[in-house]
Amino acid sequence: SSGINAEYGGPGSIPWLIVAEIFTSDSRGKASSLCVGMNWICNLIVCITYKSLDSKLQPNTFFLYTGVCAFFLIFTFLFAPETRKKPVEQISGEIRAQAAKCPPTVF
């Protein structure tokens, strides 16, 4: 029961929340699919790797996962746009302006 409550209050709900805030309605469906799919892939990775890591790292298994979460928490604070009291169009414009500064990628 407490694990379920921690999931709903923790980072597991971010894919559903952030998609609604930073994507326009025309791209929200695809972005939601991508974010939720990535969330489930990460959950699968944890499920697949936990048993073998637990046998090798016994009491310290969760420190590895905590480190990964800490990295992505810092990444989010540094690179996710501030959305408070901003319309979606302004946020999308800021993301496009930031993306224009980056070199082109394979995509």
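Note that the structure is predicted; figures quoted are calculated from it, not measured. Start at 1 with the first residue, then count along the sequence.
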Would you kindly confirm whether I48 and I45 end up in one hydrophobic cluster when ILVMFWY residues are joined by side chain heavy atoms under 4.5 Å apart? no
So if you build clusters from Ile, Leu, Val, Met, Phe, Trp, Tyr with side-chain heavy-atom gaps below 4.5 Å, do I74 and F77 land together?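 Different clusters.
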Any donor and acceptor pair, going by atom type alone, linking the side chain of S32 with main-chain N or O of G29 inside 3.5 Å?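 No, S32 side chain to G29 backbone: no donor-acceptor pair under 3.5 Å.
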Taking the side chain as every heavy atom from C-beta outward, state whether N60 and F63 have any pair of such atoms under 4.5 Å apart.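 Counting from C-beta outward, N60 and F63 do come under 4.5 Å.
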To the nearest 0.5 Å, tell me how far [X] [atom1] sits from [Y] [atom2].
{"X": "T83", "Y": "E94", "atom1": "OG1", "atom2": "CD", "result": "10.0 Å"}
{"X": "L34", "Y": "S27", "atom1": "CG", "atom2": "OG", "result": "11.0 Å"}
{"X": "K56", "Y": "L64", "atom1": "NZ", "atom2": "CG", "result": "12.5 Å"}
{"X": "E89", "Y": "R96", "atom1": "CD", "atom2": "CZ", "result": "9.5 Å"}
{"X": "T49", "Y": "L44", "atom1": "OG1", "atom2": "CG", "result": "9.0 Å"}

Closest heavy-atom contact between V88 and F23? CG1-O, 3.5 Å
is_close_aromatic(Y50, F62), centroid dist under 6.0 Å: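 Yes - the distance between ring centres of Y50 and F62 falls below the 6.0 Å cut-off.
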For Y65, is the OH atom crowded, meaning more than 12 foreign heavy atoms sit under 6.0 Å from it? yes
